[in-house]
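Lettering follows sequence order; numbering is per chain, from 1. The shown structure was predicted, so the numbers you read here are calculated from the model rather than taken from an experiment.
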Number of protein chains: 2
Amino acid sequence: MRRPTMTDVAREVGVTAKTVSRVLNDEGPVAVETRERVMAAVRKLGYQPNLMARNMRVGARDAAIGLVIPEMGNPFFGTVAGGVEGVIRERGLTLIVGSSSENAELEHSLIATFLARRVSALIVVPSAGSDHRRLRAERVAGLPIVFLDRPSVGLTADNVVSANRQGAQTGVTHLIAHGHRRVGFVGDLPAALYTRRERFQGYRDALALAGLPFDRALVDSGHDQDAAARATLRLLALDDPPTALFTANNLASMGAVLALSRAGRRDVALVGFDDLPLAEALDPPLTVVAQDPAGMAAAAAELVLSRMDGDRSKARRSLVPTRLIVRGSGEVPAPRT
Amino acid sequence: MRRPTMTDVAREVGVTAKTVSRVLNDEGPVAVETRERVMAAVRKLGYQPNLMARNMRVGARDAAIGLVIPEMGNPFFGTVAGGVEGVIRERGLTLIVGSSSENAELEHSLIATFLARRVSALIVVPSAGSDHRRLRAERVAGLPIVFLDRPSVGLTADNVVSANRQGAQTGVTHLIAHGHRRVGFVGDLPAALYTRRERFQGYRDALALAGLPFDRALVDSGHDQDAAARATLRLLALDDPPTALFTANNLASMGAVLALSRAGRRDVALVGFDDLPLAEALDPPLTVVAQDPAGMAAAAAELVLSRMDGDRSKARRSLVPTRLIVRGSGEVPAPRT
DNA sequence: TTGTAAGCGTTATCAC
DNA sequence: GTGATAACGCTTACAA
C-alpha cells in the first residue's frame with residue numbers, strides 16, 4: 001500500500017498533478033469547482049505532500065535551519081534552541097539540531113551533515129578550538145551563517161554575543177562598591193574560551209577603574225561544578241583571601257555556591273555571570289549578571305531570516321546586553337579592617 | 001556557480017554517475033584505479049553529496065528522527081533531546097525537534113510537519129489534551145512511534161515513562177518514616193496531566209500503606225513556580241497545616257523551596273519529584289525522587305532503532321526507575337506533639 | 001483555467 | 001567492472 005502522491009490525487013479527480021499542486025499552494029488561477037474536487041480527493045486519499053520532494057526542486061534548499069549547540073541539557077542552550085525554533089517556525093522552517101559536546105571535530109561533522117542536507121541556514125555556537133575557514137565557500141555562495149554566544153574563528157561572519165566584558169565589569173564593580181578590595185575570579189576552562197577571556201577582561205577593567213591592583217593569586221578555575229567548588233575553597237584558603245567572588249559562568253557559580261554553603265561561609269560576597277533557576281531560593285539569594293538567551297536566539301534567528309531575504313550587507317556583530325539582578329549575595333559588605 | 005553534483009564528478013573522471021555513487025557508498029565492485037580517480041575528482045571539485053536527493057529515492061524515508069517536546073529550555077526535556085540525539089547519531093540519523101509549549105494543536109502541527117518530511121521515526125512527549133488517533137495509519141504503515149514521559153492517547157504504541165507512582169510513593173513514605181502524619185501535596189496543573197495523576201496516586205498509596213487518612217485540604221497546585229509558591233503558603237496557613245510537603249514536579253519544588261526560604265520555615269520537611277541542578281546547595285539541601293531523563297531518552301531511542309530494524313512485536317511500555325536522593329530537606333523530623 | 005515537458009540529484013535494475 | 005535508463009514526487013516554464 002503505497003502512500004498516495006500528487007499524481008494519485010490528480011488521477012482521482014481527473015486532472016493533472018500540476019493542478020493539484022496549484023490548489024495546494026494557492027498559486028495561479030484554479031476554478032472553484034476544481035479546487036473543491038481536489039480538496040475532497042486529498043481528504044479521501046489521506047494525501048500528505050512530500051516535503052523532501054518539494055525541497056528538492058532546482059537548486060532549492062531544505063526548509064530547515066541547522067543549529068549546533070554544545071549541550072542540550074544546559075538550560076542556557078536549551079533556551080537558545082527554543083528561541084530559534086519559535087522564530088523560524090513562523091516562516092515555515094524546521095529546526096535541525098546537534099550537540100557538539102564542546103568538541104570541535106563533532107561540531108565540524110554536524111555542520112557537514114547539515115550542509116549535506118542543504119539546510120537554508122546555519123546557526124553555530126562554536127566549540128573551543130574549532131575553526132570555520134572551511135565555511136568560507138558556503139558563505140560566499142550565499143548561505144546565511146550566524147555564530148552565537150562565541151564568535152567565528154577564521155571566518156568573517158555574523159555574530160551574536162552577550163556583552164560579556166561590560167557585564168562582568170558591572171558585576172565586579174558592584175562588589176567593589178560594597179567595599180570589597182580583594183575580589184576573587186572563578187572561571188571556567190579552557191581559559192582560552194572566548195566568553196571566559198572577555199569576562200576576565202571585564203573583571204580586570206573593573207579593578208583598574210577602581211584603582212585596585214590585579215593579583216594573579218585571586219584567579220582560579222574549574223571545568224565543572226565540583227572543580228569550581230574546589231577552586232573556590234583554594235581561594236578562600238589563601239593567606240590573604242578574597243572577601244568577594246566573581247564567578248564567570250553558571251557552572252562556576254553553582255560550584256561556588258555549593259562550596260560556600262558547605263563551608264557555612266555567609267560572609268563572602270558573590271556575584272555570578274549568567275542567571276540560575278533557583279538563584280532566588282539560595283541563602284543568601286544569588287546576585288547575578290543575567291544573560292538573555294532568548295534574546296540572543298531571537299537576534300540570531302532574525303538575522304538569519306533577513307539574510308535569507310537577501311540582505312547582503314556586511315557581517316554584523318550584535319552585542320546582547322546583560323542585566324545585573326540584585327538579590328543579596330552580591331551585597332554582603334566587606335569586613336571592616 | 002552551481003554546486004557540483006555527482007554527474008559533474010562523473011564527467012570529470014570520464015565515468016558515469018552510478019560509478020561515482022558506487023565509490024561513495026562502498027557498494028559493488030569498483031576498480032581500484034577508478035576509485036582513486038573518483039576520490040581525486042571529489043576533492044578537486046569540493047563535491048558534497050546531496051542528502052535531500054539521496055533520501056528521496058523510491059519510497060525512502062528521511063534519515064531523521066522527529067522529536068516533539070514541551071519546552072527546550074527545561075533541562076529535563078533538554079537532556080531528553082540530547083540523549084536521543086546521542087543514540088541516533090551513531091546510526092547516521094539526524095534530530096529534528098519542535099517544542100509544543102504543552103499545546104495540543106501545536107503538537108499536532110509539528111507532527112504533521114515531521115510526517116510531511118517523511119522522518120524515519122517519531123518520538124513524542126504528548127501535551128495534555130492531545131489525541132493520537134490520527135497516527136494510527138502511520139503506525140500501521142510501519143512508522144516507529146514512541147511516546148515519552150507520558151503515554152499516548154487513543155493509540156496503542158510504545159511508551160517510555162518514569163516509575164511515577166512508585167517513585168512518589170517512595171518519597172512520601174520517606175517523609176512518613178520521619179514522623180510526619182500530615183503531608184501536603186503540591187502538584188502541577190492541569191491536574192489531569194498523566195504524570196500529575198500518577199504521582200498523586202503514589203502519594204495516596206503511601207498514605208494508605210501507613211494507615212494515614214487522606215485529607216483533600218492538604219492538596220494544592222500551581223502551574224508555574226510562583227503559583228506553586230503561593231500554593232505552598234496556602235497549605236502552611238491552614239488551621240491544621242502539614243508538617244511536610246511532597247512536590248510533584250520540579251516547578252512545584254522550586255516554588256515550595258522559594259516559599260519556605262522566604263518564610264524562613266526550616267521546620268517543614270520537603271521531598272520533591274525530579275532533581276534540580278542546585279538541590280545540593282539549598283538550605284537545607286533538597287531531598288528528591290530523581291528521574292532519569294537520559295535513561296528515558298536512551299530507552300526511547302533504542303526502541304525506535306529496534307523498530308526501524310524490523311522489530312514488529314507488540315507495543316511495549318517501559319518503566320524507567322526513579323531514585324531517592326537523600327540530602328536533608330526530607331529528613332527534617334516532625335515536630336513533637 | 002488547465003496541461004505538457006523537463007528537470008532537481010540520487011539510486012535500482014538490468015544489461016553489457 | 002561499468003553504463004544506460006528509469007524512477008522518486010514535486011515545481012517551473014511554457015503552451016494551449
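- Judged by distance alone, with hydrogens and angles left aside, the side-chain atoms of Ser120(A) form a donor-acceptor pair with the main-chain N or O of Asp62(A) at under 3.5 Å.
- Side-chain contact check for Tyr194(B) versus Asp149(B): every heavy-atom pair is 4.5 Å or farther apart.
- Of the candidates dT10(C), dT13(C), dC10(D), the closest approach to any side-chain atom of Lys18(B) belongs to dT13(C).
- Leu115(B) places a side-chain heavy atom less than 4.5 Å from the side chain of Glu138(B).
- Going from atom CE of Met6(A) over to atom C1' of dT4(C) covers 16 Å, rounded to whole Å.
- By the 4.5 Å heavy-atom criterion applied to side chains, Arg61(B) and Leu143(B) are counted as neighbours.
- One can place CD of Glu36(B) at 14 Å from P of dG1(D), the figure rounded to the nearest angstrom.
- Proximity of Arg307(A) to Ser313(A): side-chain heavy atoms (C-beta onward) are separated by under 4.5 Å at one or more points.
- Take the nearest nucleotide of DNA chain D for Ser21(A) and for Arg35(B): the residue whose nucleotide is more 5' is Arg35(B).
- Taking the screw axis at each terminus of the helix from dT1(C)-dA16(D) to dC16(C)-dG1(D) from five consecutive base pairs, the angle between the two is 40° to within rounding of 10 degrees.
- In this model, the phosphate group of dT2(D) is not approached by any side-chain N or O of Thr16(B) to a distance below 4.0 Å at OP1 or OP2.
- One interatomic measurement links the two molecules: CG of Asp8(B) to C1' of dC8(C), which rounds to 13 Å at whole-angstrom precision.
- When the shell of 6.0 Å around CD of Glu27(A) is examined, it contains more than 12 heavy atoms from other residues, nucleotides or ligands.
- Side chains of Asn25(A) and Arg54(A) form a contact here, defined as non-hydrogen atoms less than 4.5 Å apart.
- Taking atom CZ on Arg117(B) and atom P on dG9(D), their separation rounds to 17 Å, with Å as the unit.
- A heavy atom lying under 4.0 Å from DNA chain C marks the following residues of residues 50-57 of chain B, by number: Asn50(B), Ala53(B), Arg54(B), Met56(B), Arg57(B).
- Of the side-chain N and O atoms in Thr19(A), none sit less than 4.0 angstrom from OP1 or OP2 of dT2(C).
- We find that CZ of Arg118(B) is positioned 8 Å from P of dG9(D), with the value rounded to whole Å.
- A donor and an acceptor atom, one from each side chain of Ser99(B) and Glu71(B), are nowhere located under 3.5 Å apart.
- A donor-acceptor pair under 3.5 Å is absent between the side-chain atoms of Arg118(A) and the main chain of Ala63(A), judged by distance alone.
- The stretch residues 22-32 of chain A touches DNA chain C through Arg22(A), Pro29(A), Val30(A), Ala31(A), each having a heavy atom under 4.0 angstrom from the strand.
- Between dG9(D) and Thr7(A), no contact under 4.0 Å exists linking OP1 or OP2 to a side-chain N or O.
- The shortest non-hydrogen separation linking Arg316(B) to Ser306(B) is NH2-OG, 4.1 Å.
- The interatomic distance linking Arg3(B) (CZ) with dT10(C) (C1') rounds to 15 Å, in whole Å.
- Judged by distance alone, with hydrogens and angles left aside, the side-chain atoms of Glu12(A) form no donor-acceptor pair with the main-chain N or O of Ala41(A) at under 3.5 Å.
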